[in-house]
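Report on the structure given below.
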Protein chains: 2
Amino acid sequence: MKLRSATLMDVAREAGVSKATVARVLSASGYVGEETRQRVEAAVKSVGYRPNVMARGLRTQRSLTIGHLLIEITSNPFFAHVARAVEREALANGYKTFLFNHNKNSEQERFGVERFIERQVDAVIFTYPVDAESIAMLRAADMPVVQIERQRTADTHAVLVDNVAGIEAAMAHLLQFGHRRIAFIGGDPALFPHPGVRARSLEEDRLHTYLDALRGAGVAIDPDLVRLGEYVRLEDGSDVEGYGHARALLALKDRPTAIIAGCDVLAGGILRAAYEAHLRVPDDLSLVGFDDTIAGQLTPRLTSVAQPMAELGLTAFQLALASIEDPDIAPRTVTLAPSLVIRDSTGPVPVRATR
Amino acid sequence: MKLRSATLMDVAREAGVSKATVARVLSASGYVGEETRQRVEAAVKSVGYRPNVMARGLRTQRSLTIGHLLIEITSNPFFAHVARAVEREALANGYKTFLFNHNKNSEQERFGVERFIERQVDAVIFTYPVDAESIAMLRAADMPVVQIERQRTADTHAVLVDNVAGIEAAMAHLLQFGHRRIAFIGGDPALFPHPGVRARSLEEDRLHTYLDALRGAGVAIDPDLVRLGEYVRLEDGSDVEGYGHARALLALKDRPTAIIAGCDVLAGGILRAAYEAHLRVPDDLSLVGFDDTIAGQLTPRLTSVAQPMAELGLTAFQLALASIEDPDIAPRTVTLAPSLVIRDSTGPVPVRATR
DNA sequence: TTGTACGCGTTATCAA
DNA sequence: TTGATAACGCGTACAA
């Protein structure tokens with residue numbers, strides 16, 4: 001048998017006052033006699049009253065809940081960190097978040113949006129949106145939306161990362177160490193369609209910055225050193241995407257002395273290929289990761305372009321909250337800077353290769 | 001301006017019937033005329049009606065939501081996988097989950113429990129519970145509780161893992177390869193207080209099984225080879241717990257030829273220490289992880305005792321659901337079997353060491 | 001077969 | 001300073 005927990009009415013009875021008075025005491029608004037206030041507060045304790053957020057939400061039309069749609073929290077620690085940051089900020093403001101994983105599948109994303117609407121969330125955050133249609137559904141329901149990392153449509157808030165600056169920092173670091181044969185393993189622009197809001201997609205930003213940095217250093221571009229694909233492809237828990245690309249690169253007659261990876265998980269696969277080829281990192285090969293998620297847990301610890309995951313989540317929630325409090329504010333786009341974290345996987349170009 | 005979404009009343013108006021009739025159509029219960037049903041269904045589409053889960057919950061005293069309290073989703077992929085499995089099964093049954101991270105802090109745990117009670121969750125799952133008091137609060141509110149991995153109190157459901165079988169499998173594997181100097185880096189029983197329900201704590205189970213296996217193989221126990229502490233201790237994203245222990249072990253005059261780690265993250269630190277000592281794994285040192293989380297992403301890919309994370313989550317939700325549907329069922333304890341996943345980090349004992 | 005009316009636990013308005 | 005009372009959106013017992 002399930003016994004209901006104490007309600008406002010129970011407190012009122014216990015204190016010998018009306019529901020309205022109890023409500024006033026709890027919301028600390030309106031005039032309440034000092035003596036009554038104390039009686040009510042005592043009653044609240046004695047019956048163990050806890051407000052019912054559902055009932056409150058029904059009345060106020062606010063669920064104090066926001067929805068967070070993401071790719072898949074287990075596929076890349078990046079998502080877990082961003083989700084955690086959103087949750088932290090939400091909690092600090094009296095909110096809770098609902099998570100939903102869509103696996104880059106637009107039907108699943110749509111399904112998640114429907115669940116969120118049913119549950120009356122006050123706003124929805126995407127990391128990142130797959131289908132513009134999902135955003136349109138939420139706009140139709142007048143729900144504030146924030147897009148993290150990739151901006152599909154221009155009509156909502158967005159929190160982005162300056163990928164150009166990230167790759168520039170990584171390239172400068174490697175060039176300074178004397179590397180000239182630098183390979184790039186990253187996301188394929190064709191697999192991540194251009195949303196149309198910004199001039200270049202995230203993948204294009206990174207790729208072009210890599211090419212520009214080489215040109216800037218007077219290095220001829222070798223197409224063999226550019227390998228594009230997915231960011232995460234696991235088989236039996238092992239990354240096979242970075243592994244496969246790295247095997248191909250290391251088998252080249254004139255193999256690269258350094259590799260930039262589009263994500264730390266990819267970099268894990270690259271390290272495995274290097275180990276099997278009996279190459280030591282960074283002595284024989286330098287490696288830079290991206291995200292700074294598992295970088296420190298790999299061997300050697302990876303130099304990596306750190307995404308500002310905590311700030312991404314925090315800013316996204318704050319934008320959502322701003323629109324909850326005033327639905328009419330104009331959409332804002334915030335771009336955050338990544339930072340290069342230098343660890344043990346990068347070093348001077350091998351002597352052999354400088355000849 | 002925030003416009004309310006369509007309600008039952010709107011549908012009723014549109015279809016020219018009463019709210020009750022619409023409700024009957026939607027719940028597919030009670031008698032409804034065929035012609036009316038069609039009119040109602042058409043109206044539902046035309047106004048874009050979506051049930052309001054909060055209002056429904058207020059009426060039915062069911063939120064279709066369960067709370068999941070865990071240590072910290074970003075600290076170990078184990079938690080993310082278990083949480084995902086709970087979520088998957090919840091979703092399949094019309095439920096959503098709320099996550100809450102308590103960082104092994106009983107006040108935070110308490111705080112989370114309060115948030116869950118306020119939000120009227122229908123049950124709470126712990127991975128794992130810190131303080132018996134939190135469970136007591138939920139029992140007082142008549143909420144079903146499921147404990148995963150560690151059982152603090154006997155009055156709720158629990159889903160456990162057979163740690164004895166896990167360590168036995170790992171030890172048998174290493175002994176078969178001829179290893180005799182096998183080190184153990186694991187959780188310190190003193191840091192994870194014994195809950196009192198079972199004869200031995202998780203940490204005691206693992207440690208004793210390790211010792212028993214050695215004795216069973218006629219190997220004298222060397223206290224220098226046993227190192228106990230935390231499971232995860234990250235500094236700048238790198239595991240320093242396993243790293244520190246491994247450095248001590250590898251500095252021994254007669255160093256171990258194999259190490260069992262209490263968790264994959266620890267194993268990551270061990271690999272780093274081995275790499276710095278210019279030892280190749282498994283040629284010079286064999287290593288077995290635990291959990292099978294990042295095992296495949298490390299180099300070499302780790303042989304690891306896989307926890308049945310998907311089954312843990314699935315079973316936990318099913319037990320919770322069973323108690324939601326019938327609050328009077330007796331608490332059940334389900335113990336699941338781990339399995340040894342053999343990859344590239346274990347091999348025959350080095351010849352040098354067999355002399 | 002359909003409609004009326006009440007209550008779930010709040011908040012908010014209006015009188016007193 | 002306090003107390004009735006009307007919503008919020010839904011489900012359901014009961015009446016028609």
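- Using a 4.5 Å heavy-atom threshold, the side chains of Ile324(B) and Tyr95(B) count as touching.
- For the pair Gln120(A) CD and dT10(C) C1', the computed distance is 15 Å after rounding to whole Å.
- Taking atom CG on Leu58(A) and atom P on dG11(D), their separation rounds to 12 Å, with Å as the unit.
- Minimum heavy-atom separation, Leu336(B) to Pro308(B): CB-CG, 3.8 Å.
- Nearer to the 5' terminus of DNA chain C, by closest-nucleotide assignment, is the contact made by Gly33(B) (compared with the other of Gly33(B) and Ala55(B)).
- In this structure, the side chains of Ile71(B) and Thr127(B) stay at 4.5 Å or more apart for every pair of heavy atoms.
- Ring geometry for Phe98(B) against Phe98(A) counts as parallel: the plane angle stays under 30°, on a 0 to 90° scale with 60° as the upper cut.
- Distances shorter than 4.0 Å separate none of the side-chain N or O atoms of Arg56(A) from OP1 or OP2 on dG9(C).
- Residue Leu8(B) is in sugar-phosphate contact alone, with no base atom involved, counting any heavy-atom pair closer than 4.0 Å across all strands shown.
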Taking N or O atoms only and anything under 3.5 Å, show me the protein contacts with nucleotides 3-7 of chain C, one pair per line.
unit_1, atom_1, unit_2, atom_2, d
dG3(C), OP2, Ser18(B), N, 3.0
dG3(C), OP2, Ser18(B), OG, 3.2
dG3(C), OP2, Thr21(B), OG1, 2.6
dG3(C), N7, Arg24(B), NH2, 2.9
dG3(C), O6, Arg24(B), NH1, 3.1
dG7(C), N2, Arg59(B), NH1, 3.2

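- Between Arg39(B) atom CZ and dT2(C) atom C1' there is a gap of 11 Å when expressed in whole angstrom units.
- If you check the side chains of Arg152(B) and Ser134(B), you find no donor sitting under 3.5 Å from an acceptor.
- Considering all non-hydrogen atoms of both residues, Glu109(A) and Asp131(A) come closest at OE1-N, 2.9 Å.
- At a cut-off of 3.5 Å, with distance as the only test, a side-chain donor of Ser323(B) or His157(B) sits close to an acceptor on the other residue.
- Of the side-chain N and O atoms in Gln61(A), one or more sit less than 4.0 angstrom from OP1 or OP2 of dG9(D).
- In this structure, the CZ atom of Arg37(A) is 9 Å from the P atom of dT2(D), given to the nearest Å.
- The nearest whole Å value for the distance from the CZ atom in Arg119(A) to the P atom in dG9(D) is 18 Å.
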Subject >> Candidate pair Lys104(B) and Glu72(B), rule salt bridge (charged side-chain N to carboxylate O under 4.0 Å, His left out), full reasoning >> reply: CA-CA 8 Å; Lys104(B) 289 204 266 182; Glu72(B) 163 59 64; over 6 Å; no

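- Between the C1' atom of dC10(D) and the CE atom of Met54(B) lies a distance of 12 Å, rounded to the nearest Å.
- Comparing the helix axis at one end of the helix from dT1(C)-dA16(D) to dA16(C)-dT1(D) with that at the other, each defined from 5 consecutive pairs, gives an inter-axis angle of 50° (nearest 10°).
- Residue pairs satisfying the salt bridge (charged side-chain N to carboxylate O under 4.0 Å, His left out) criterion with at least one member in residues 41-56 of chain A, sequence neighbours excluded, are listed as follows: Arg37(A)-Glu41(A), Arg50(A)-Glu114(B).
- Rounded to an integer number of Å, the gap from CG of Asn52(B) to C1' of dA7(D) is 14 Å.
- When rounded to the nearest whole Å, the span between CE of Met9(B) and P of dG11(D) equals 15 Å.
- Applying the 4.0 Å criterion to OP1 and OP2 of dT10(C), one finds that Tyr49(A) has a side-chain N or O inside that range.
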